[in-house]
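Chain letters run A, B, ... following the sequence lines, proteins first, then strands; residues in each count from 1. Predicted model, so just to flag it, every value in this text is computed and none were measured.
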Number of protein chains: 2
Amino acid sequence: MSVAVENFVKAIYKNDNNDTNNTKPGNIAKKLGISNAAATDMAKKLAVKKLLHYKKYQPLQLTKEGEKMALNVVRKHRLWEAFLYKTFDMSLHDIHREAELLEHETSDFLANKISDYLGNPKFDPHGDPIPNANGEITTTDTSMALSETQEGKSYVISRLMSDDKEFFDFCASNGIKYGNTISVNKQLTKNRMTQISINNNSILLNEDFTNIIYVNKTE
Amino acid sequence: MSVAVENFVKAIYKNDNNDTNNTKPGNIAKKLGISNAAATDMAKKLAVKKLLHYKKYQPLQLTKEGEKMALNVVRKHRLWEAFLYKTFDMSLHDIHREAELLEHETSDFLANKISDYLGNPKFDPHGDPIPNANGEITTTDTSMALSETQEGKSYVISRLMSDDKEFFDFCASNGIKYGNTISVNKQLTKNRMTQISINNNSILLNEDFTNIIYVNKTE
DNA sequence: ATTAAAATTTAAGTATACTTAAATATTTTT
DNA sequence: AAAAATATTTAAGTATACTTAAATTTTAAT
């Protein structure tokens, strides 16, 4: 299947995970940087190919087959990220940018080689789960957004849900990294901001960031 | 530039190296598995883009810019081959097949990372030279085809010029590998065959193989 | 030097993946 | 509940990269 098709089903899969009813043609078009008309067009074509269910004016829903394709692309993306991060010590943003291209030109054979080489990891360097060769995500996610955490408690960063270079640059220069521990000092509910401590530095984060930084309670 | 364009200039570059006057649209079409008409079509378009010189019924000739593009793709191809061979211990045919896809989706940035990681190698696992980041091939080739060698002498295998799975499988199961030493026992000139010894085994090769196995004299 | 064979080119047409503009339906606001 | 705003769909059109079929040119054979 083509790059355009792979990106289309991937976009639906990801938008669906974030927020249901977020998979209308317009949402997907925005994500992919194409016109709404192009998204509707593609949706109709993929419905014929049984990759998704299409009903006028309704959100797009992947079929089993469509989801399988999306998970296969996501698997390759996250394996590449993990591999490039480990092997070449590239930044979170750089690995994302390269994986975005490589994911479409990677055979299942090579994906499995990469996975074996890495010891079949369950998470990529952003903390996103890596589907296995059958497209299954077996790990249960107990993490919460930083915006949902309690004052005075400590948490371990488990996921950085973003594609954005500025965000990753900010994270890199502030020690916000998968596996690191942070303390929540204040939840400024009214202003939707959170004050945290990390590496003895105090940082104030607004909701743009506290909604995409996921953490787990410390044991 | 698109995958089709990259493959087109690469095909001209490679055919030109093998045999001049081997770059007519028909030759390129055959190599790429497209119709002659499609090749002519593409040639005209790329002439407008100043990637090659096109004159009706004449061989296609890359411009400086076209050659630069070809060398950049070749560089990425051979770097991937070297990298996959080393990292995942894949066969000569497998690395070629994967590199054929990855070469088009690899940034210059990543190519340089791979090159550095490998210690900026000058040859890939087939013995093909790897152009540097400026598209230069600095190594001088003193090798000759196995068909040109002298009876009774020993040689070191320096290059396996093929894309063919059957050939690589044959090589793998007979110890014919970049860097290995072979002795030439007999040149059966009349039948265009060569009898060699490798690892204490005697093998008879016909010209299909002796023309694509390149060797260097032993010091 | 003709003729036959082969290759190249031209012409017309197709599929994919888009675009913009207009029409239609849905959602939100008042 | 009607009007306004927004989103979706339809329609028409474009660029890329092909295809087959026919016309033309070149190359090879006699």
Starting the side chain at C-beta, find the nucleotide from [options] nearest to [X].
{"X": "B:Ala38", "options": "D:dT10, C:dT19, D:dT19", "answer": "D:dT19"}
{"X": "B:Tyr54", "options": "C:dT20, C:dA17, C:dT9", "answer": "C:dT9"}
{"X": "B:Ala37", "options": "C:dA17, D:dC18, D:dA21", "answer": "D:dA21"}
{"X": "A:Pro25", "options": "D:dT8, C:dT9, D:dC18", "answer": "D:dT8"}
{"X": "A:Lys56", "options": "C:dA17, D:dT16, D:dT10", "answer": "D:dT10"}

Task: B:Phe88/A:Phe83 aromatic ring centres below 6.0 Å - done: yes
Open item on the list: Please confirm whether the shortest side-chain N or O distance from B:Ser2 to OP1 or OP2 of D:dA17 is below 4.0 Å.
Closed with: yes
Open item on the list: Side-chain N or O of A:Ser35 versus OP1/OP2 of C:dC18: is the shortest distance under 4.0 Å?
Closed with: no
Integer-rounded Å distance: [N] [atom2] and [X] [atom1]:
{"X": "A:Ile28", "N": "D:dA7", "atom1": "CD1", "atom2": "P", "answer": "14 Å"}
{"X": "A:Asn36", "N": "C:dA25", "atom1": "CG", "atom2": "C1'", "answer": "14 Å"}
{"X": "B:Tyr57", "N": "C:dT10", "atom1": "OH", "atom2": "P", "answer": "7 Å"}
{"X": "B:Lys24", "N": "D:dT26", "atom1": "NZ", "atom2": "C1'", "answer": "7 Å"}
{"X": "A:Met42", "N": "C:dA17", "atom1": "CE", "atom2": "C1'", "answer": "6 Å"}
{"X": "B:Phe8", "N": "D:dT16", "atom1": "CZ", "atom2": "P", "answer": "15 Å"}
{"X": "A:Glu6", "N": "C:dA17", "atom1": "CD", "atom2": "P", "answer": "11 Å"}
{"X": "B:Lys45", "N": "D:dA15", "atom1": "NZ", "atom2": "P", "answer": "10 Å"}

Task: Earlier contact from the 5' end, DNA chain D, for B:Lys49 and A:Lys55 - done: A:Lys55
- [ ] Decide yes or no for B:Phe167 and B:Ile176: does some side-chain heavy atom of the first lie under 4.5 Å from some side-chain heavy atom of the second?
- [x] no
Open item on the list: Between the side chains of A:Asp94 and A:Arg97, is the shortest nitrogen-to-carboxylate-oxygen separation below 4.0 Å, so that they form an ion pair?
Closed with: yes
Task: Pi-cation contact, A:Tyr117 with A:Lys86 (under 6.0 Å, within 45°) - done: yes
- [ ] For B:Gly26 and for A:Val5, locate the closest nucleotide of DNA chain C by heavy-atom distance; then report the residue assigned to the nucleotide nearer the 5' terminus.
- [x] B:Gly26
Task: Under 3.5 Å side-chain donor-acceptor pair for A:Thr23 and A:Gln61 - done: no
